Amino acid sequence: MTTPSYAGAESHHHPDRDIETGETAVWPLLECLGGSVGAGIIFLLSLPVLADVMSPLGALSPTGLLILFLFAWLFLWLLIAVTRQRVTD
């Protein structure tokens, strides 16, 4: 069943974003890439120490290293995003 256009049905039109603020999908992408590159560099430089710390976990060592890398990536991504937001506002 369809609702006629004159029946007063609510419109679900979402207002467009404010284009003047310069908010585009490029900034979150750059923040994500910056966080991943930063986490990758820190991870590679500290890999020997991290491998020694994770060695008691045995077979779970790669999982622990992956979890550490993901948390470092998300932390750096958040840090970059918050810093950019504070600097630009």
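For this chain, numbers begin at 1 and follow the sequence in order. These figures come from a predicted structure and were not determined experimentally.
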Problem set entry | Rounded distance (nearest 0.5 Å) linking atom CG of L50 with atom OG of S55 |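 With rounding to 0.5 Å, CG (L50) is 11.0 Å from OG (S55).
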
Exercise. CD1/I42 to CG/L68 distance, rounded to the nearest 0.5 angstrom?
Worked result: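 The CG atom of L68 is 12.0 Å from CD1 of I42, to the nearest 0.5 Å.
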
What are the two closest non-hydrogen atoms of [X] and [Y], and how far apart are they?
| X | Y | value |
| --- | --- | --- |
| Q85 | T88 | O-OG1, 3.4 Å |
| A59 | P62 | O-CD, 3.4 Å |
| F43 | L65 | CE1-O, 3.5 Å |

Exercise. Could you give all pairs that pass the side chain to side chain donor-acceptor pair (under 3.5 Å) test and reach residues 31-45, with sequence neighbours left out?
Worked result: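 Those involving residues 31-45 are E31-R84.
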
Is it possible for you to say whether [X] and [Y] belong to one hydrophobic cluster, with membership spreading through side-chain heavy-atom contacts below 4.5 Å?
| X | Y | value |
| --- | --- | --- |
| F75 | L29 | no |
| L74 | I41 | no |
| V37 | I80 | no |

Problem set entry | Minimum side-chain heavy-atom gap M54-T63 below 4.5 Å |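 Counting from C-beta outward, M54 and T63 never come under 4.5 Å.
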
Problem set entry | Partner set under side-chain contact (heavy atoms from CB on, under 4.5 Å) for A39, not counting sequence neighbours |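 Partners of A39 under the side-chain contact (heavy atoms from CB on, under 4.5 Å) test: F69, A72, W73, L76.
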
Problem set entry | Residues clustered with I67, ILVMFWY side-chain links under 4.5 angstrom |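 Members other than I67 - counting any ILVMFWY side chain reachable under 4.5 Å - are F71.
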
